[in-house]
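So the structure is just underneath, and the comments pick up after that.
Just so it is clear, the structure is predicted and the values come from calculations on it, not from any experiment.
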Amino acid sequence: MLTLCIAAAVLAACTALRWFLNRPERKDEAFWNGRIRLTALWNEGAAFSLPLKRKLVTALSILILPLVWVFRRRSPIGAGLALGGGFSNLWERLRRGAVYDYVQFPKLPKIGRYVWNLADLAILIGGLLLALLERKK
C-alpha cells in the first residue's frame, strides 16, 4: 500500500509541476547562485542523451515498470518513487511523444549539462533505493 501511495503522490506532483511550469509566459530563471536553473526542453529521446528512439524508450518503460513492482518489497519507498516517475514520463511520452524537462543543475560536474524533470529525479532516487536497500524482515 505504501508503494502505491508514494507512486500516486509522485505522479500527481509531476503532473502539477509540469502544468505549472509549461506556460508560454514563464521565463528561464536561475536560483541559489546559479546552482539551479529552470528552463524548458521537450525531450524525445532517453535520459542522459542516450541515442535511443522514442518508440524503444516507450517499450522499455512498459517492460521495466512491472519489474519494479515485482521488487517493491526490497524497498517500498524506492519502488513507489520509481513507479510514480516512470508512469509520469511514460504517460507524457504516450500523450505528447516527448517528455517536458525543466530543471538543470549547471554547476554540478558531469551532470550539469542535462535537463531533468521531477519524474527523472524520482526514478533516479527510487532506483538507487531499490539497488542499495533491502527491507529488513
Distance in Å, L11 CG paired with L4 CG, rounded so as to fall on 0.5 Å steps: 12.0 Å
Look at the side-chain heavy atoms of Ile, Leu, Val, Met, Phe, Trp and Tyr, link any pair under 4.5 Å apart, and say whether I111 and V115 land in one connected group. no
Residue pair V99, W42: steps toward the side chain to side chain contact (heavy atoms under 4.5 Å, CB included) verdict: CA-CA 6 Å; V99 173; W42 281 99; 5.9 Å; no
For R23, all residues meeting salt bridge (Lys or Arg N to Asp or Glu O under 4.0 Å), sequence neighbours excluded: E25
Let me confirm one number: the CZ-CG distance from R72 to L67, rounded to the nearest 0.5 Å. 12.5 Å
Do you know which two heavy atoms are closest between A122 and V10, and how far apart they sit? CB-CG1, 3.8 Å
If you round to the nearest 0.5 Å, how far is CG of L38 from CD of Q104? 10.0 Å
Identify whether L41 and L108 are in the same connected component of the hydrophobic contact network (ILVMFWY, side-chain heavy atoms under 4.5 Å). no
What about L118 and W19, same hydrophobic cluster or not, with Ile/Leu/Val/Met/Phe/Trp/Tyr joined at side-chain heavy-atom distances under 4.5 Å? yes
side-chain hydrogen bond (donor to acceptor under 3.5 Å, both in side chains) partners of D120, counting only residues at least two apart: N89
Once you round to the nearest 0.5 Å, how far does OG of S61 lie from CZ of F87? 10.0 Å
Same cluster or not: are W91 and I123 linked, directly or through other Ile, Leu, Val, Met, Phe, Trp or Tyr residues, by side-chain heavy atoms under 4.5 angstrom apart? no
Does any N or O in the side chain of K107 come within less than 3.5 Å of the main-chain N or O of N33, such that one atom is a donor and the other an acceptor? yes
Just by distance, no angles: are the side chains of T3 and R73 close enough, under 3.5 Å, to form a donor-acceptor pair? no
Nearest heavy atoms of L130 and S75, plus distance in Å: CD2-O, 3.8 Å
Closest contact, heavy atoms only, G80 versus I6: C-CG2, 3.6 Å
E44 and A98: which non-hydrogen atoms are nearest, and at how many Å? CG-CB, 3.8 Å
Under 3.5 Å, side chain of R74 to main-chain N/O of F71, donor-acceptor pair present? no
Criterion side chain to side chain contact (heavy atoms under 4.5 Å, CB included) on N117 and R18, from CA distance to verdict: CA-CA 8 Å; N117 62 37; R18 183 182 312 115; 5.6 Å; no
What residues form a salt bridge (Lys or Arg N to Asp or Glu O under 4.0 Å) with R37, not counting sequence neighbours? D28
Mind checking whether Y100 and Y102 have parallel, tilted or perpendicular rings, split at 30° and 60°? tilted
Of all heavy-atom pairs between A82 and G127, which one has the smallest distance, and what is that distance? CB-N, 4.4 Å
For side chain to side chain contact (heavy atoms under 4.5 Å, CB included), just list the numbers for W116 and L124, CA-CA rounded to whole Å, side-chain angles, deciding distance to a tenth of an Å, and then say yes or no. CA-CA 11 Å; W116 307 65; L124 177 66; 4.0 Å; yes
Can you establish whether the number of heavy atoms outside F20 located under 6.0 Å from its atom CZ is more than 12? no
Quick check on the hydrophobic clustering: are I36 and Y114 connected, directly or via other members, by side-chain heavy-atom contacts under 4.5 Å? yes
Measuring from R93:CZ to I62:CD1, what's the distance to the nearest 0.5 Å? 11.5 Å
Quick one: does any side-chain atom of R26 pair with a main-chain N or O of T39 as donor and acceptor, under 3.5 Å? yes
Using atom types as modelled and distance alone, determine if a side-chain donor or acceptor of S88 lies under 3.5 Å from a backbone N or O of G84. no
Quick one: do L90 and L65 satisfy side chain to side chain contact (heavy atoms under 4.5 Å, CB included)? Show the steps, please. CA-CA 10 Å; L90 176 61; L65 286 171; 3.9 Å; yes
